[in-house]
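Lettering follows sequence order; numbering is per chain, from 1. What you are looking at is a predicted structure, and each value in this text was computed from that prediction instead of being measured. All values below come from the heavy atoms of this structure, side chains included, with hydrogens, waters and symmetry mates left out.
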Amino acid sequence: MSTNGKPKFSMYWAASCGGCEISVLNIHEKILEVDANFEVVFWPVAMDSKYKDLEAMEDNSILLTLFNGGIRNDENEEIARLLRKKTQIMVAFGSCATEGGIPGLGNLGTMKSIFDTAYFGVSTENPEQIYPKTSFESQFGQLHLPKMYPVLRTLDQVVPVDYFMPGCPPEPHQIGAVIDLVIQVLNGKAELPPKGSVIGAGTSTVCDECKRTRTEKKIKKFMRIQDVERIDPEICLFDQGIPCNGPATSSGCDARCPAVGAQCIGCYGPAGGVIDYGARLMSAFASVIDSNDPDEIESILESIPDPAGQFYRFNLAKSLLRSSKYAWKGE
Amino acid sequence: MSRTEVLAHQSSAVGSSTASLSYDPDIQHCIQCGNCSGICPTGFAMEFPPSKIIAALRAGIYTNVTKSDSVWMCIACSACTTACPTLIPITELLMAQTKEELILAGNVPVELQSALENSHRYGNPMGESPRKRAEWVETVDFPVPVLDKETPDVDFLWFVGDYGSYHSSVIPATIAFAKILNLLNINFGILGNQESSDGDSQRLSGEKGLFEMLAEKNAKIFEKFNFKEIITTDPHAFNAFKNAYPEIGISYPARHYSQFLYEKIDQLKPLLTKKVNARVTFHDPCYLGRVNGIFEEPRALINAVPGVEYVEMFHNHQNSLCCGGGGGGMWLDGFQWKKTHARSSEWRIKEAVDAGADIMVVACPYEKPRFQDAVKNVPGAEKMAILDLSELLLAAME
Amino acid sequence: MGEKIGVYVCHCGSNIAGVVDVEEVARWAKEKFPEVTVSRDYKFMCSSPGQELIENDIKDLGLTRVVVAACSPHLHEKTFRGACQRAGLNPYFFEMASIREQVAWVTKDKLQATIKSKALVDGAIRRVINHESLEPIKVDITADTLIVGGGVAGIQAALEIADSGSHVILVEREPSIGGHMAQFDKTFPTLDCSACILTPKMFDIGNHPNITLLTWSEVESVDGYVGNFEIKIRKKARMVIEDLCTGCLVCQEKCPKRVIDDVYEVGMAKRKAIYVPFPQAVPNKPVLDTENCTFFQTGKCQVCQKVCPTGAIDYEQKDQLLEFKVGNIILATGYDLFDARRIPQYGYGKLPNVITSLEFERLTNASGPTNGEILLADGRKPETIAVVHCVGSRDKNYNEYCSSICCMQSLKFAHLAREKTGAQVYNFYIDIRTPQKDYEEFYNRILDEGTLFIRGKVGEITNIPRTAEEEGKLIVQAFDTLAGIQRRIPVDLVILSAALEPRSDSVEVGKLFGIACGAQGWMIERHPKLDPVATMTEGVFIAGCAQGPKDIPASVSQGAAAAARVISKIQQGQVLLEPIRASIDENRCSGCRICNNLCPFTAITFDEIKEVSSVNVALCQGCGTCVAACPAGAISGTHYSDKQILSQIEGILDPALQLSK
Amino acid sequence: MSDNPNNQFEPLILGFTCNWCSYRAADNAGLARLKYPPNIRLIRLMCSGRLDPQFILKGFAEGADGVLVTGCHPGDCHYVEQNYKTMRRFKLLHKTLDQMGVKRGRLKLVWASAAEGMILANEIEKFVEEVRQLGPLNWPKWDKPLEVVADYEVVVEEK
């Protein structure tokens with residue numbers, strides 16, 4: 001226990017966009033309860049803290065760590081292992097830590113292709129053709145950058161994780177509910193769910209929370225949302241031919257995207273018990289194609305130009321194959 | 001025994017020279033129903049018709065087949081192949097390879113031998129000079145462009161063929177087609193002296209090597225020019241370009257002239273102004289009809305001629321009767337006559353007489369000379385005219 | 001893991017043990033898996049002592065799971081499940097690895113065969129650990145039966161069931177029952193009169209208190225499942241009020257319109273526009289053919305109405321839709337005759353004296369167009385006749401199969417033709433196939449009678465002579481494969497023994513009843529040897545030529561067999577279904593409706609109020625397509641669960657069991 | 001196959017059959033004593049419609065070099081038309097596997113009726129040879145720590 005008697009809290013930002021960190025602040029006044037109930041000991045984005053301070057802490061001295069981001073480089077991995085050692089309850093926080101998230105899509109290509117895109121892509125101005133190096137001789141001596149791994153891993157693929165909290169980012173009301181729960185547990189008023197559980201999400205899928213009307217599904221053509229002339233506000237987006245991932249995606253977000261006419265892209269991850277989110281979606285999508293003619297099926301499938309992106313947008317690193325062969329073969 | 005072992009066992013029993021044949025799973029399907037040998041128009045004169053060859057292969061006495069010369073009665077008309085209930089490619093596989101074995105064994109009628117040698121030496125089975133191939137062009141008063149370095153580009157390459165170029169009774173048909181091409185303003189060209197025999201009949205009479213040589217010779221010439229498609233007046237050439245050349249890697253789109261003219265039937269019809277008041281029948285060439293499934297285009301063209309009353313002979317469409325010229329039959333006339341004292345061309349003319357035809361239309365250069373001879377020998381056929389499809393069409397134009 | 005598994009590796013005599021090192025497989029299984037309590041190899045696991053071995057181990061060692069590595073589960077899965085059950089273990093705690101059909105019999109190398117056997121056993125062990133205890137599903141059976149098709153197979157089945165005391169609804173498309181058999185004159189090999197043996201049965205059908213006969217009717221829809229089918233039947237308007245009609249047939253007699261009869265008389269004779277197809281028709285009540293009736297076409301005539309003594313003609317009659325609930329269905333929809341025009345070289349349709357088998361049946365039938373006289377088109381008597389076997393059969397251009405009846409039928413034709421005309425008869429055959437009781441004797445009899453046989457499939461039939469002898473004749477050209485020469489036989493009449501083909505609509509009819517047809521179009525039986533009249537759809541049976549070409553004795557046998565199966569089901573009162581079914585976890589279903597349209601058995605329904613889908617267990621056939629499609633993983637399938645299959649995959653692909661190099 | 005003189009690569013093939021057609025075809029091949037390579041290991045499902053793409057991906061992830069999917073011929077499905085759904089899923093999976101760098105030749109669909117043991121045996125023989133030509137897939141066993149799988153560790157060097 002800490003000096004002021006409050007349990008210790010930490011949060012870390014690995015391979016991710018940082019939206020998760022902001023979403024914690026988005027819980028508004030509830031953040032005060034965090035402060036009231038926890039002593040924040042390590043949270044690089046919010047306070048100054050050094051790795052060596054963390055190393056110096058006693059093992060298992062932190063009660064709760066919210067770890068966001070996947071494991072993309074050796075620094076991510078080192079801190080993940082260090083935090084694990086120091087923490088009692090390790091939470092994979094947000095899509096990236098839980099299932100790889102958008103950075104996990106990097107697993108489709110080689111590291112070279114990732115660097116080329118980042119440093120020489122059309123959206124990058126890089127007249128000096130700067131390319132990152134792992135070590136660099138500066139006027140202050142030898143500097144080191146973390147080494148990239150060819151494949152991004154989820155947090156639980158590197159260290160044991162106690163709870164998973166999906167979402168890109170997790171919805172504030174879900175974060176609030178989890179914090180409430182932990183505080184209640186601290187006060188002896190509730191019990192923690194079994195280790196390995198998904199928390200802060202529903203038990204069903206997005207469709208459960210979606211208000212749109214659904215019919216039997218028969219698809220002749222999938223359409224990108226921008227190609228649909230008029231989206232019917234009442235009818236299921238999937239029924240309108242828009243490839244919505246809602247049927248496979250864990251509930252918990254209040255179907256925010258479909259509610260405003262955008263298809264679910266799957267950030268809350270697979271429904272419980274599903275082993276490979278993308279495989280389930282592929283199976284579902286293919287099943288409702290309305291044709292028995294091989295050529296017609298082929299042409300309907302052409303309306304899904306990027307199946308891996310469609311079906312594994314957040315989940316690639318957690319899928320059965322985890323990455324493309326290009327990534328792990330490096331070619 | 002596994003499947004491969006069974007096959008290996010059988011082939012060793014038959015002997016190495018025919019290993020490839022008995023090895024062929026197609027041959028294994030035979031149920032010895034004899035349908036091939038029953039439907040064969042020359043089967044009555046064969047000691048070893050197809051089903052018996054297969055039986056001999058299975059019994060390991062194939063050498064008996066190669067000792068007999070009756071296989072040379074086969075005119076590759078494909079009637080057996082079309083009827084075979086177990087879908088064995090009899091004409092292309094069994095008969096052609098057996099003929100090859102006979103050639104290897106030196107068991108070849110002299111007249112065929114010389115046609116094959118001529119094909120080798122002169123590029124045509126008649127032994128005509130290659131330089132005279134385009135002589136017919138000089139006799140006409142309209143342009144027949146011959147492709148050369150200066151004019152290498154053309155829409156259609158017309159492959160005239162051996163008989164169309166040299167045979168005195170076929171040349172009028174050739175000229176008629178040339179005239180129609182001109183009347184339709186078709187941008188076409190011929191190869192002239194650069195053309196060689198298409199080689200299909202040589203192939204089906206067992207000379208696969210000769211076929212390949214001729215095909216490669218033609219392919220080299222084709223490469224020099226730019227054209228969209230080959231048009232042939234000879235169904236055998238059409239069959240060669242459509243089915244046999246691609247097997248050895250030479251692929252050009254090709255059509256028979258009846259298909260080509262049928263496509264232009266709307267342009268043709270206004271030109272067909274003259275009435276041809278006659279009963280007309282059509283003889284389906286084996287390699288146009290039975291083998292390549294083109295039946296209706298020539299009939300539609302004949303029926304477009306005003307005044308024509310179209311009649312059908314007993315054997316028609318897929319069930320047509322061969323003129324006797326295919327698969328080397330053209331070069332075995334003497335041999336076959338000596339064996340049978342019968343000609344299927346004469347049977348065919350008799351059918352035309354029975355059908356009451358005044359004109360028999362043909363669409364293959366082998367047919368005209370054969371039927372013109374036959375007409376002389378069949379009672380009641382004296383006045384019957386044998387016209388090429390082009391000749392009939394032209395007659396309605398002039 | 002708390003499971004105690006028994007593994008049994010069968011030698012199958014030397015069938016397996018001759019290739020697979022069975023002792024090694026058994027030893028390895030025990031060594032690798034701590035859950036494997038006992039692992040044995042035994043000569044014949046399926047034998048009584050083999051089964052007792054399992055039973056005793058379950059009792060003595062407290063086994064909770066059993067794996068048998070032996071032959072295909074299609075052979076002995078039931079056997080070993082029975083052994084488990086007898087010893088008190090739920091039969092679904094059992095799994096089989098097929099190391100005979102899939103390993104020993106197909107693998108040359110012994111070492112590799114042993115490795116592959118281990119892999120299959122590994123998969124089975126890991127799978128069986130995840131098995132669940134299951135109970136067969138029980139469904140009540142409605143006692144009424146629907147029989148479709150009133151040919152001899154359907155008639156036999158209907159009488160058997162009706163006699164047993166249950167009700168039958170017999171539906172026939174044509175105006176009368178009787179089928180093809182009613183067209184025949186004599187039947188082989190006994191040569192008894194077809195009508196004499198069939199008519200009494202037809203009469204019984206018409207008068208049986210337990211049979212509802214619906215002719216001129218077709219089944220329109222089928223819903224439900226074994227024991228509980230709901231059927232809609234369209235009873236087409238006859239324009240004759242059946243209750244009033246006495247069958248006096250004055251209407252037929254007086255009707256002025258003659259129409260070629262393409263069905264019963266196969267185009268060889270005419271009938272009236274209002275007609276019964278033949279004198280012995282059941283029911284003996286006419287049908288008005290509105291397409292050919294002068295009144296229906298021009299508005300004038302009405303002769304039939306004027307002459308009917310009971311006022312039974314009703315021009316306003318409409319089709320009726322009748323609904324029935326039945327427990328079982330027998331399809332006896334028969335065959336179509338091959339269209340011989342498709343073989344151009346036989347000249348059928350072009351040469352007037354080339355006729356088909358059915359045409360010959362009419363020609364020789366005393367009630368046929370010539371009163372049983374065999375005459376040529378011009379009325380002459382034939383002096384020579386050719387019978388051509390295998391027309392459209394045993395020919396991959398048309399039908400690859402043997403039509404099975406043509407040999408005997410052709411022999412019968414030879415006999416009848418010879419008997420009636422004294423003509424010389426030639427039979428052209430490929431092989432003579434006479435495999436049933438008294439058939440070969442019949443063949444010998446025909447040989448004795450002097451019919452000539454030429455072994456060779458006919459090449460062509462023409463009327464073009466080459467010799468004087470051939471003038472005015474039909475010439476049958478064939479290769480006599482025994483003499484080794486081509487022969488041309490001049491004849492007067494050619495009878496083509498045309499193939500039996502599946503009904504042109506057999507695939508659609510099959511779909512209507514939820515059963516499949518094979519590549520050729522015949523309806524598929526559940527098992528070609530051991531279950532020839534059942535189908536893959538519970539409660540739907542097939543009989544007669546719908547299942548494949550067969551003769552009258554075989555059709556009757558199948559009709560009776562199908563009836564026996566139905567009666568047995570009715571007697572049981574309930575049916576047990578394999579508990580391989582899908583189910584939906586309502587709590588996890590979000591009602592996305594992906595699955596709704598996937599079930600061909602309409603087992604999935606959507607509850608609009610709860611907004612969830614659910615599976616009707618009795619309708620579900622257990623294919624698992626919805627299980628694989630549910631994006632939320634809310635549908636699970638018993639006995640083929642994700643967990644079971646995935647663990648089996650892990651076992652089967654265990655890297656320790658890679659093939660050795 | 002059996003005598004493997006060249007020490008050639010032996011692909012590991014996972015196969016799925018339906019209970020009614022292709023599994024019976026395998027039985028049929030056995031009854032006919034047709035010989036085919038032992039590289040194939042079959043799993044029985046009730047219908048190819050049960051074939052969850054998860055099973056196929058699991059197969060590749062567990063070390064299969066190829067996966068063979070079999071079922072009744074279209075139109076012959078015991079469950080009326082479920083094999084069409086298999087066909088659709090198969091085609092979509094092919095597209096996705098392209099992006100994952102798994103060559104299409106490693107996943108094959110074969111229809112075989114209960115009577116077509118010969119066809120199934122031939123297709124297995126062909127498929128094993130095709131996959132042999134493609135070489136080992138060797139999908140990583142991800143349960144090992146990443147650094148141990150040294151082959152995959154690519155560190156960005158200076159450009």
Nearest atoms (heavy-atom pairs only) where D:P136 meets A:K325: O-NZ, 4.4 Å
Part of A:V274 within contact of chain D (heavy atom distance under 4.5 Å): both
Non-hydrogen atoms of D:T96 and A:F311 that approach each other most closely: OG1-CD1, 4.5 Å
Region of D:N83 in contact with chain A, defined by heavy-atom distances below 4.5 Å: neither
Over 12 non-hydrogen atoms of neighbours within 6.0 angstrom of NZ in D:K103: no
Taking every non-hydrogen atom, the tightest pair across A:Y312 and D:L57: OH-CD1, 3.3 Å
Enclosure of A:F136 CZ (heavy-atom neighbours >12, cutoff 6.0 Å): no
Contact summary for A:S324 and D:G101, nearest pair of heavy atoms: CB-N, 4.5 Å
Gap separating the CZ atom of D:F55 from the CD1 atom of A:I275, nearest 0.5 angstrom: 8.0 Å
Side chain, backbone, both or neither of A:L145 within contact of chain D (heavy atoms, under 4.5 Å): neither
Side chains of A:D306 and D:Q99 in contact at under 4.5 Å (non-hydrogen atoms): yes
Shortest non-hydrogen contact between D:M100 and A:S323, atoms and distance: CE-O, 3.3 Å
When D:L137, D:L92, D:L93, D:L97 are compared by non-hydrogen pairs under 4.5 Å with chain A, the top option: D:L92
Side-chain (D:Q54) to main-chain (A:D276) donor-acceptor, under 3.5 angstrom: yes
A:K220, NZ: over 12 other non-hydrogen atoms inside 6.0 angstrom: yes
Chain A interface, residue from D:M87, D:H94, D:K85 that has the most non-hydrogen pairs under 4.5 Å: D:M87
Approximate separation, where rounding is to 0.5 Å, of D:F90 CZ and A:I297 CD1: 11.5 Å
Residues, nucleotides or ligands: over 12 heavy atoms within 6.0 Å of D:R104 CZ: yes
Selection from A:G309, A:S291, A:S319 maximising heavy-atom pairs under 4.5 Å formed with chain D: A:S291
Minimum heavy-atom distance between A:E302 and D:K95, given as atom pair plus value: CA-NZ, 3.6 Å
D:D52 with A:R280: basic N within carboxylate O range, under 4.0 Å: yes
Result of checking A:N292, A:I300, A:V288, A:L301 against D:R88 for side-chain contact (heavy atoms from CB on, under 4.5 Å): A:N292
Flag side-chain contact, heavy atom, 4.5 Å: A:E298 against D:K91: yes
Beyond-backbone contact of D:P140 with A:R322, side-chain heavy atoms, under 4.5 angstrom: no
Any donor-acceptor N/O pair, D:W139 side chain to A:L321 backbone, under 3.5 Å: yes
Contacting moiety of A:D74, where chain D heavy atoms sit under 4.5 Å: neither
